[in-house]
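Quick notes on the structure that follows.
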Protein chains: 2
Amino acid sequence: MNSDLSDATQALERAAASCRERGASLTAIRREVLALLYRTPKGIKAYDLLEQMRQTRGNASPPTVYRALDFLIEQGLAHKIGRMNLFVACRHGAHSSPSLFLVCPKCNGVTELEDPDMVTSLYASLAATGHRLDSPEVEISAVCPQCVAGREAA
Amino acid sequence: MNSDLSDATQALERAAASCRERGASLTAIRREVLALLYRTPKGIKAYDLLEQMRQTRGNASPPTVYRALDFLIEQGLAHKIGRMNLFVACRHGAHSSPSLFLVCPKCNGVTELEDPDMVTSLYASLAATGHRLDSPEVEISAVCPQCVAGREAA
DNA sequence: GCAGCGATGTTATAACATCGCATATCCGCC
DNA sequence: GGCGGATATGCGATGTTATAACATCGCTGC
């Protein structure tokens, strides 16, 4: 039972473990931020995150949030979506392959697309021009199914 | 002779013509902004653009620049690179297919990659998940050849 | 003239992100 | 136990990016 809750808890445990392996530590603040990211799969803005944080931690300030986010991104546990200034949790524990993020311009939601063929194809194109893919984030602006169907669903 | 200069001039003429076709007009301000974009193929930030603008147009303000940029983007003459808050001119007159931008995290440079196969593959993946590609901009963080070679070239 | 309209000017402010420095906390070491 | 360094946090100010809101200008058609 209690699927969501225990899923999130397990994910946090895994995240903590993977940090430990690297000699980093998932402190209380970072853990809270990561938990909030897990709770908002469509992505969340730094200042909305800050507002949430203040409910349990009244003295939270912008640096509190940004430092935690920077840490999580460094650890590969989260990503930043540049276009929308949105942050999302990474879906796969050890982002083995780069991720494609679909950012919906209508509702600002972010979903992650995993498509190995896509990634392979990308790599080939990049290699051909001498580029090297370095960040595991590929952002694509695309209208999400809800907004395609409902014409404004958020 | 005089390759660059006349190239830019020709590009501006083409841009003006394509605006006219749509009932839009490439005014002096917009033309200046576009010219500046042509001169900085690796992309430029809005406030740097503003600074440039002020040299010939002392009263330029943020909205001056942002409105011109919005217009150029609407007309498909420019793109915004979300991750870096960078603006670049579009390379192909009438962006028939979406563009792939390679953003170098080392030097912040932007290059545009045209790869029809890539785009086809992308479309297929998106369609499979119910998404619809709406913006002609796809940003990919990738180290550019110079930085791959030189280990910090900017 | 003057209404209508798109473009521009101008001021202020919203939204996003970082700096700099002081303090606290953890951990290994003596 | 106490010291010292590294890491994390608190906190205020500041820097950077973008838009809101409203006034004005200049053209075009009537």
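Naming: A, B, ... by sequence-line order, numbering from 1 per chain. Please read all numbers here as calculations on a predicted model, not as lab measurements.
One can place CG of L72(A) at 12 Å from P of dA8(D), the figure rounded to the nearest angstrom. Per the geometry, CD1 belonging to I29(A) stands 12 Å off C1' belonging to dA24(C), to the nearest Å. Distance, R54(A) CZ to dT9(D) P: 16 Å, rounded to whole Å. Rounded to an integer number of Å, the gap from R30(A) CZ to dC26(C) P is 13 Å. Rounded to whole angstrom, the span from the CG atom of L26(A) across to the P atom of dC26(C) amounts to 15 Å. In this structure, F71(A) atom CZ and dT18(C) atom P are separated by 17 Å, rounded to whole Å. The separation between R31(A) atom CZ and dA8(D) atom P is 16 Å, rounded to whole Å.
At least one side-chain heavy atom of L12(B) sits under 4.5 Å from a side-chain heavy atom of Y38(B). Residues L37(A) and L69(A) are in side-chain contact: their nearest non-hydrogen atoms beyond the backbone lie under 4.5 Å apart. The shortest distance between side-chain heavy atoms of V88(A) and P41(A) does not fall below 4.5 Å.
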When you look at I73(A) and K80(A), which way does the side-chain contact (heavy atoms from CB on, under 4.5 Å) test go after all the steps? CA-CA 8 Å; I73(A) 290 169; K80(A) 172 176 183 176; 4.1 Å; yes
Give the intermediate values and the outcome of side-chain contact (heavy atoms from CB on, under 4.5 Å) for residues T111(B) and H131(A). CA-CA 10 Å; T111(B) 50; H131(A) 283 76; 3.3 Å; yes
With side-chain contact (heavy atoms from CB on, under 4.5 Å) as the test, would you mind laying out the steps for Y47(B) and V65(B) before giving the verdict? CA-CA 8 Å; Y47(B) 277 66; V65(B) 168; over 6 Å; no
List the steps and the verdict of side-chain contact (heavy atoms from CB on, under 4.5 Å) for C90(B) and L72(B). CA-CA 9 Å; C90(B) 181; L72(B) 295 173; over 6 Å; no
Review item, side-chain donor-acceptor pairs of residues 25-36 of chain A, under 3.5 Å, at least two apart:
{"unit_1": "R30(A)", "atom_1": "NH1", "unit_2": "S25(A)", "atom_2": "O", "d": "2.8"}
{"unit_1": "R31(A)", "atom_1": "NH2", "unit_2": "E13(A)", "atom_2": "OE2", "d": "2.7"}
{"unit_1": "E32(A)", "atom_1": "OE1", "unit_2": "T56(A)", "atom_2": "OG1", "d": "3.3"}
{"unit_1": "E32(A)", "atom_1": "OE2", "unit_2": "R57(A)", "atom_2": "NE", "d": "3.4"}
{"unit_1": "E32(A)", "atom_1": "OE2", "unit_2": "R57(A)", "atom_2": "NH2", "d": "2.7"}

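Between T27(A) and dT9(D) there is a side-chain polar atom (N or O) within less than 4.0 angstrom of OP1 or OP2.
For the residue pair S18(A) / R22(A), a side-chain donor-acceptor distance below 3.5 Å is found, with atom types taken as modelled.
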N/O to N/O distances under 3.5 Å, protein versus nucleotides 27-30 of chain D:
none

Under 3.5 Å, N/O pairs linking protein and nucleotides 10-17 of chain C:
{"unit_1": "dT10(C)", "atom_1": "OP2", "unit_2": "N59(B)", "atom_2": "ND2", "d": "3.4"}
{"unit_1": "dC16(C)", "atom_1": "OP1", "unit_2": "K45(A)", "atom_2": "NZ", "d": "2.7"}
{"unit_1": "dA17(C)", "atom_1": "OP1", "unit_2": "K80(A)", "atom_2": "NZ", "d": "2.4"}
{"unit_1": "dA17(C)", "atom_1": "OP1", "unit_2": "N85(A)", "atom_2": "OD1", "d": "3.3"}
{"unit_1": "dA17(C)", "atom_1": "OP2", "unit_2": "Y66(A)", "atom_2": "OH", "d": "2.8"}
{"unit_1": "dA17(C)", "atom_1": "O5'", "unit_2": "Y66(A)", "atom_2": "OH", "d": "3.2"}
{"unit_1": "dA17(C)", "atom_1": "N7", "unit_2": "Y47(A)", "atom_2": "OH", "d": "2.7"}

